[in-house]
Number of protein chains: 2
Amino acid sequence: MPKSPANTARSKRAGSQLTPDAIIDASLRIAARGSEDAFTVRRLGEELGADPTAIYRHFRDKDELLLSVADRTLGEVLDSIPEGLDWKGRIRALADGSLAVALKYPVVGSAMASRTTRRPNEFRVVELILGAVMEAGLEGAEAALHYRMVADSLLAYVGQQAAYFLFDAEVRAADESAWTREYRLVDPQALPNITRLSAELAEVTDEQIFEATVGALISAIEKRAETLRGA
Amino acid sequence: MPKSPANTARSKRAGSQLTPDAIIDASLRIAARGSEDAFTVRRLGEELGADPTAIYRHFRDKDELLLSVADRTLGEVLDSIPEGLDWKGRIRALADGSLAVALKYPVVGSAMASRTTRRPNEFRVVELILGAVMEAGLEGAEAALHYRMVADSLLAYVGQQAAYFLFDAEVRAADESAWTREYRLVDPQALPNITRLSAELAEVTDEQIFEATVGALISAIEKRAETLRGA
DNA sequence: ACGCTGTTGTCAACGGTATTGCGCTGATCG
DNA sequence: CGATCAGCGCAATACCGTTGACAACAGCGT
């Protein structure tokens with residue numbers, strides 16, 4: 001029993017050892033390891049070299065920690081957007097940055113896809129998108145609606161991609177081989193379109209899909225602005 | 001081991017038998033109760049009047065059960081789509097039906113948003129969307145790409161909505177009041193667009209957003225088909 | 001320099017989750 | 001009629017997030 005509790009733990013006790021920022025940093029290190037290392041409270045304690053439950057001195061629960069981590073990553077995305085872009089460029093930059101950071105920290109991206117952090121950087125994102133749709137020519141309720149369309153669609157798509165990356169490689173491989181194997185072996189009578197396009201279906205890349213999706217959102221804003229301007 | 005007679009289909013077990021279908025039914029009953037009743041193995045056993053672990057005699061694990069449940073609900077959506085609709089109508093019907101069923105069984109909708117079931121009804125959905133985009137005028141790789149755009153975007157959006165419905169009412173109320181309260185109290189200097197549109201932001205409805213999103217996807221297909229036809 | 005007080009880390013424990021191994025039972029079949 | 005064996009219950013396992021009691025320290029007023 002190495003239990004002399006009085007003097008063992010005194011080695012490191014210089015002020016506040018564990019700060020919220022240090023905990024967020026450690027969380028991001030674990031999150032960056034993706035599916036190879038589960039993001040658990042116990043694992044986080046290990047990463048910090050501290051007792052797992054120590055984090056509860058700085059965050060009410062794991063959810064609040066996750067919201068803070070998400071806000072940090074959102075800030076990274078926002079800071080990576082260059083100045084001087086037009087509205088389409090800003091939306092594209094936000095989309096690309098969000099996807100990149102969600103794939104870098106999949107557990108964060110997937111957990112936050114249906115949440116509202118109500119933290120500073122989230123407001124900056126709202127402001128950015130609203131500014132873009134207004135620059136495109138929308139106002140009032142139309143601007144609000146199209147902001148929500150962009151924000152919700154983007155968040156959902158990016159979160160889904162992150163969740164997919166969170167599966168271990170084994171499961172992902174099974175999913176992807178489905179396109180190249182099972183879709184070729186389908187009943188040609190009942191499913192003629194799949195049969196005809198099985199080769200093309202296997203060759204579509206995630207980048208193409210994302211580009212098409214973002215493009216669809218931008219076109220919708222543009223088209224709506226034109227319609228309103230004409231009327 | 002030799003699974004001998006195929007003909008004795010009727011006489012499996014007479015008494016309180018647990019069949020895969022009965023388990024799926026019970027799962028849907030629990031899932032329909034949304035956030036008021038967690039979808040756990042123990043709760044499922046209770047619903048079935050059986051030991052919780054009995055489920056593992058019919059499904060390898062909870063994930064496989066969930067995939068089967070999801071396929072069942074997908075079938076319901078597909079069967080609800082009327083015949084004789086044009087391609088836009090079919091996509092809209094699929095979108096509306098998917099959202100409805102995902103909100104009816106939120107735990108299923110949210111868990112399956114980033115999965116591929118590779119079960120019969122999923123193939124039917126693929127066939128349906130592919131048929132729609134081809135009727136719109138797309139072919140080959142373009143049809144495949146736009147199928148993926150519609151499928152992925154729809155699945156992600158619907159899954160996100162389902163996950164949001166899965167929070168208990170308390171958390172949801174806090175999220176919604178953020179739009180009407182916190183967004184009004186924001187710094188007008190740093191966030192002028194939010195300040196100006198806070199009232200309109202609070203009034204956007206989920207139905208409007210979904211309609212706008214689906215409309216954007218349909219327009220993108222239409223526009224692409226026009227461009228290719230012109231060229 | 002003292003003791004009080006509040007903060008922060010440690011430890012053990014609790015209730016929750018999915019899942020597995022073992023043993024019984026009873027319907028079915030040779 | 002007796003043997004077989006799938007289906008089910010039970011107990012146990014390995015995690016998970018979280019809490020409460022306690023110990024050690026920092027900073028404070030006196």
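Below, chain A is the first sequence line, B the second, and so on; all start at residue 1.
- Shown for residues 23-57 of chain B: residues whose heavy atoms fall under 4.0 angstrom of DNA chain D, namely A50(B), D51(B), T53(B), A54(B), R57(B).
- The NZ atom of K62(A) sits 12 Å away from the C1' atom of dC15(D) (whole-angstrom rounding).
- Under the rule for a salt bridge (charged side-chain N to carboxylate O under 4.0 Å, His left out), E203(A) has no partner lying at least two apart in sequence or in another chain.
- Among residue pairs with one or both ends in residues 145-165 of chain A, those qualifying as ring-ring contact (aromatic ring centres under 6.0 Å, His included) are Y157(A)-F210(A); sequence neighbours excluded.
- Within the structure, every pair that satisfies the salt bridge (charged side-chain N to carboxylate O under 4.0 Å, His left out) test and touches residues 121-133 of chain A, not counting sequence neighbours, is listed here: D79(A)-R124(A).
- Rounded to whole Å, the distance from CG on L66(B) to P on dT17(C) is 15 Å.
- The cationic atom of R115(B) (NZ for Lys, CZ for Arg) lies less than 6.0 Å from the six-membered ring centre of F167(A) and within 45° of the ring axis.
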Pairs under 3.5 angstrom only: tabulate donor-acceptor contacts from the side chains of residues 64-73 of chain B to other protein residues two or more places apart or in another chain.
from   : atom 1 : to      : atom 2 : distance (Å)
E64(B) : OE1    : R60(B)  : N      : 2.9
E64(B) : OE1    : R60(B)  : NH2    : 3.4
S68(B) : OG     : E64(B)  : O      : 3.2
D71(B) : OD1    : N121(B) : N      : 3.1
D71(B) : OD2    : N121(B) : ND2    : 3.4
R72(B) : NH1    : D25(B)  : OD1    : 2.9
R72(B) : NH2    : D21(B)  : OD1    : 3.2
R72(B) : NH2    : D25(B)  : OD1    : 3.4
T73(B) : OG1    : A70(B)  : O      : 2.7

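- Rounded to an integer number of Å, the gap from F59(B) CZ to dA18(C) P is 15 Å.
- The CZ atom of R60(A) sits 17 Å away from the P atom of dG17(D) (whole-angstrom rounding).
- The stretch residues 17-49 of chain A participates, sequence neighbours left out, in no ring-ring contact (aromatic ring centres under 6.0 Å, His included) pair at all.
- Within the 4.0 Å cut-off from OP1 or OP2 of dG9(C), at least one side-chain nitrogen or oxygen of H58(A) is found.
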